[in-house]
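When reading the values below, keep in mind they use all heavy atoms of this one structure, side chains included, and skip hydrogens, waters and symmetry mates. If you're wondering where the values come from, they're calculated on a predicted model, not measured in any experiment.
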Amino acid sequence: MADAGPDGWGWIEDGAMLSQDGRLLWVGARADLPDDLAGTADHVQELAGAVITPGLIDCHTHLVYGGQRAHEFELRLKGVSYEEISRAGGGIRSSVTATREASEHQLYAQAAHRALALMAEGVTTLEVKSGYGLSLAAEAKMLRVARRLAELGLDVRTTYLGAHALPPEYQGRADDYIQAVCDWLPQLKREGLVDAVDAFCEGIGFTPAQTRRVFEAAQALGLPVKLHAEQLSDQGGTPLACEFGALSCDHLEYLSAEGIAAMKASGTVAVLLPGAYYFLRETKLPPVQALREAGVPLAIATDHNPGTSPTLSLLLMLNMACTQFRLTPEEALRGVTVNAARALGLRDRGQLVAGQRADFCLWDIEHPNELAYYFGRNPLRQVVRGGAPRGVARP
């Protein structure tokens with residue numbers, strides 16, 4: 001499978017690829033492989049009919065945290081809403097307590113286990129957000145752990161999500177907390193811990209005006225922004241994020257026509273999170289058809305987190321994106337490859353074309369549409385990252 005523009009699988013029957021120094025040098029039909037290039041290969045590997053796709057990219061996760069929230073899952077099944085749980089001190093705040101109490105070593109051990117589960121399904125690039133620390137020391141701890149996950153053999157992009165929830169010590173002083181979030185950012189950037197900045201713009205999160213202050217601080221430091229937007233209500237966060245050229249807006253169940261127009265104009269990626277939609281038993285669908293018609297790129301991610309999407313299967317998200325949101329299998333695969341890369345501001349991966357990173361997966365399937373068709377099955381045979389074959393990691 002190679003890139004074939006905005007439509008189509010880019011299917012190549014009996015294909016061949018050459019890589020050099022971690023980059024794809026040539027991709028095409030085996031019969032078209034130039035003799036002068038074929039003769040330079042130091043190593044040739046026959047793939048015996050495997051289907052090859054770009055390495056998968058999970059562009060929205062909260063992989064680093066302490067504890068778990070299975071009891072909240074039980075409460076929701078008894079009729080308590082997510083907002084009610086959050087306002088009663090549960091939700092994100094309960095994860096903040098557990099994360100603050102955990103040592104850096106404990107957080108890494110837990111996060112590494114989760115990352116290995118994603119890698120076992122072909123993930124080669126991973127985004128990890130902070131946001132369960134909500135203090136300078138705890139946010140820095142989370143981001144250091146996220147950076148360390150690269151030791152496992154995958155690329156990690158870190159996102160500062162200090163504006164995730166209001167910590168208890170700032171109860172009733174949301175504006176003061178937002179000022180602290182902005183004040184911490186320069187130090188975190190100096191320490192090399194931040195690739196992008198995110199916020200939760202929602203009735204139980206932060207207002208558009210408070211979100212703007214965070215984005216202005218990020219912009220002053222040359223950092224790109226992303227946004228948890230329009231998940232539970234329409235707060236107008238998406239047009240705001242697009243003013244700042246946001247890489248992505250994520251969730252989007254309550255996205256308005258104005259928000260779609262803003263995303264189209266700014267080139268912002270729509271990241272759909274079917275795991276959270278499923279786990280919260282939501283009924284308000286994101287406006288997929290309107291996004292599609294506007295030409296807004298669609299990405300998919302696990303949104304792995306302890307409260308609303310505790311999944312560790314990006315392949316399952318492909319199936320859910322098709323069954324719940326009515327994406328086509330081809331759209332779903334683009335959502336975890338080229339469009340997921342765009343949602344992270346990365347233009348060097350997500351496609352099988354010359355010049356891209358040699359990150360790809362070998363699958364024991366007959367066609368890539370099977371990746372969305374099956375659920376509960378993992379047909380991954382091998383991962384190649386940066387041109388180097390790797391065994392399939394297991395948690």
Determine whether more than 12 heavy atoms belonging to other residues, nucleotides or ligands lie under 6.0 Å from atom NE2 of H105.
no
Test item: Y177 side-chain N/O and G162 main-chain N/O as donor-acceptor pair under 3.5 Å
yes
Does atom OH of Y170 have more than 12 heavy-atom neighbours, drawn from other residues, nucleotides or ligands, at distances under 6.0 Å?
yes
Is it the case that the side chains of T337 and Q351 hold a donor-acceptor pair, with the cut-off being a distance below 3.5 Å and no angle test?
no
Ignoring hydrogens and angles, tell me if any N or O in the side chain of Q356 forms a donor-acceptor pair with the backbone of R347 under 3.5 Å.
yes
Could you see if L75 belongs to whatever hydrophobic cluster contains I204? Use Ile, Leu, Val, Met, Phe, Trp, Tyr and a side-chain cutoff under 4.5 Å.
no
With side chains defined as the heavy atoms from C-beta onward, is the minimum distance between I260 and L252 less than 4.5 Å?
no
Applying side-chain contact (heavy atoms from CB on, under 4.5 Å), run through L188 and L136 and close with a yes or a no.
CA-CA 8 Å; L188 295 172; L136 176 57; 4.0 Å; yes
Provide the closest heavy-atom pair for A111 versus V64 in the form atom of the first, atom of the second, distance.
CB-CG2, 3.9 Å
Taking side chain to side chain donor-acceptor pair (under 3.5 Å) as the definition, give me every residue that meets it alongside N339, ordered by chain and number, with sequence neighbours left out.
none
Stepwise side-chain contact (heavy atoms from CB on, under 4.5 Å) test for R390 and T124:
CA-CA 11 Å; R390 299 180 180 274; T124 55; over 6 Å; no
Counting C-beta onward and ignoring hydrogens, is there a side-chain heavy-atom pair between T302 and S313 closer than 4.5 Å?
no
Taking 4.0 angstrom as the limit, do R148 and E104 come out as a salt bridge?
no
Thinking salt bridges, do R100 and E169 make one under a 4.0 Å N-O criterion?
yes
Where V288 and L272 come nearest, the two heavy atoms and their spacing
CG2-CD1, 4.0 Å
Under the side chain to side chain donor-acceptor pair (under 3.5 Å) criterion, do D58 and T61 qualify, and how do the steps go?
CA-CA 7 Å; D58 196 349; T61 85; 5.6 Å; no
Look only at the side chain of Q171 and the backbone of P167, and say whether a donor-acceptor pair between them is shorter than 3.5 Å.
no
State, without any angle test, whether E127 and T159 hold a side-chain donor-acceptor pair at a distance under 3.5 Å.
yes
List the atom of F279, the atom of G307, and the distance in Å for their closest heavy-atom pair.
CE2-O, 3.5 Å
Do R23 and D21 sit within salt-bridge range, that is, some charged N less than 4.0 Å from a carboxylate O?
no
Any side-chain heavy-atom pair of V123 and I57 under 4.5 Å:
no
Does the pair D198 and K226 meet the rule for a salt bridge (Lys or Arg N to Asp or Glu O under 4.0 Å), with working shown?
CA-CA 5 Å; D198 199 346; K226 306 165 68 69; over 6 Å; no
Membership question, hydrophobic clusters at under 4.5 Å side-chain separation (ILVMFWY): are L161 and L221 in the same one?
no
Salt bridge (Lys or Arg N to Asp or Glu O under 4.0 Å) pairs touching residues 199-215, sequence neighbours excluded, are D175-R213, R212-E243
Taking Q235 for the side chain and T207 for the main chain, is one N or O donor matched with an acceptor at less than 3.5 Å?
no
So which atom in A299 and which in V269 form the shortest heavy-atom distance, rounded to 0.1 Å?
CB-CG1, 3.7 Å
Can you run down the ring-ring contact (aromatic ring centres under 6.0 Å, His included) pairs that involve residues 284-310, sequence neighbours left out, and say none if there aren't any?
Y65-H304
Is the shortest heavy-atom distance from the side chain of T53 to the side chain of L333 under 4.5 Å?
yes
Counting N and O atoms only, with roles assigned by atom type, does the side chain of D348 sit under 3.5 Å from a partner on the main chain of R357, one being a donor and the other an acceptor?
no
Compare all side-chain heavy atoms of V353 with those of V27 and state whether any distance is below 4.5 angstrom.
no
Indicate the ring-plane relationship of F325 and Y277, choosing parallel, tilted or perpendicular according to the 30° and 60° boundaries.
perpendicular
Is the H251 ring parallel, tilted or perpendicular to the H60 ring (thresholds 30°, 60°)?
perpendicular
May I ask you to decide if L134's main-chain N or O and E139's side chain share a donor-acceptor pair within less than 3.5 Å?
yes
Do the side-chain N and O atoms of S266 and T268 include a donor-acceptor pair separated by under 3.5 angstrom?
yes
Is it possible for you to check whether K284 lies under 6.0 Å from the centre of the six-membered ring of Y254, through NZ or CZ, and within 45° of that ring's axis?
yes
Give a yes or no answer on whether the side chain of Q231 reaches the backbone of E253 with a donor-acceptor pair at less than 3.5 Å.
no
May I ask whether L344 and L149 are part of the same hydrophobic cluster, defined by side-chain heavy atoms of I, L, V, M, F, W, Y residues being less than 4.5 angstrom apart, directly or through others?
no
Test log, rule salt bridge (Lys or Arg N to Asp or Glu O under 4.0 Å), inputs R385 and D359:
CA-CA 4 Å; R385 176 176 166 269; D359 291 354; 5.3 Å; no
Judged by modelled atom types alone, do R69 and S95 share a side-chain donor-acceptor pair under 3.5 Å?
yes
Please examine the side chains of R349 and L346, heavy atoms only from C-beta on, and report whether any two atoms are closer than 4.5 Å.
yes
Do I300 and P274 touch side chain to side chain, with heavy atoms closer than 4.5 Å?
yes
Can you get from L247 to L227 by hopping between Ile, Leu, Val, Met, Phe, Trp and Tyr side chains that sit under 4.5 Å apart?
no
Test side chain to side chain donor-acceptor pair (under 3.5 Å) applied to Q289 and E293, step by step
CA-CA 6 Å; Q289 183 59 28; E293 291 173 354; 2.9 Å; yes
Could you walk me through whether F206 and V214 satisfy the side-chain contact (heavy atoms from CB on, under 4.5 Å) test, starting with their C-alpha distance in whole Å, then the side-chain angles of each, then the deciding distance to 0.1 Å, before giving a yes or no?
CA-CA 10 Å; F206 296 97; V214 175; over 6 Å; no
Test side chain to side chain donor-acceptor pair (under 3.5 Å) on R190 and Q187; report intermediate values, then the result.
CA-CA 5 Å; R190 283 195 302 272; Q187 179 175 334; 4.6 Å; no
Step-by-step side-chain contact (heavy atoms from CB on, under 4.5 Å) determination, H62 to D303:
CA-CA 7 Å; H62 304 254; D303 187 23; 3.2 Å; yes
What closest approach, in Å, do A174 and Q210 show between heavy atoms, and which atom pair accounts for it?
CB-NE2, 3.5 Å
With clusters defined by side-chain heavy atoms of hydrophobic residues (ILVMFWY) lying less than 4.5 Å apart, directly or transitively, does W184 cluster with M142?
yes
Testing the basics here: between L152 and Y108, what is the closest heavy-atom pair and its distance to 0.1 Å?
CD2-OH, 3.8 Å
Verify, without hydrogens or angle tests, whether E121 (side chain) and L315 (backbone) share a donor-acceptor contact under 3.5 angstrom.
yes
One pair to check against side chain to side chain donor-acceptor pair (under 3.5 Å): E258 and S256. What are the steps and the verdict?
CA-CA 5 Å; E258 178 189 4; S256 66; 4.6 Å; no
Min side-chain heavy-atom separation W363-I52 under 4.5 Å:
no
Less than 4.0 Å between a side-chain N and a carboxylate O, is that true for R381 and D364?
yes
Between D195 and T158, is there a donor-acceptor pair closer than 3.5 Å when you use the side chain of the first and the backbone of the second?
yes
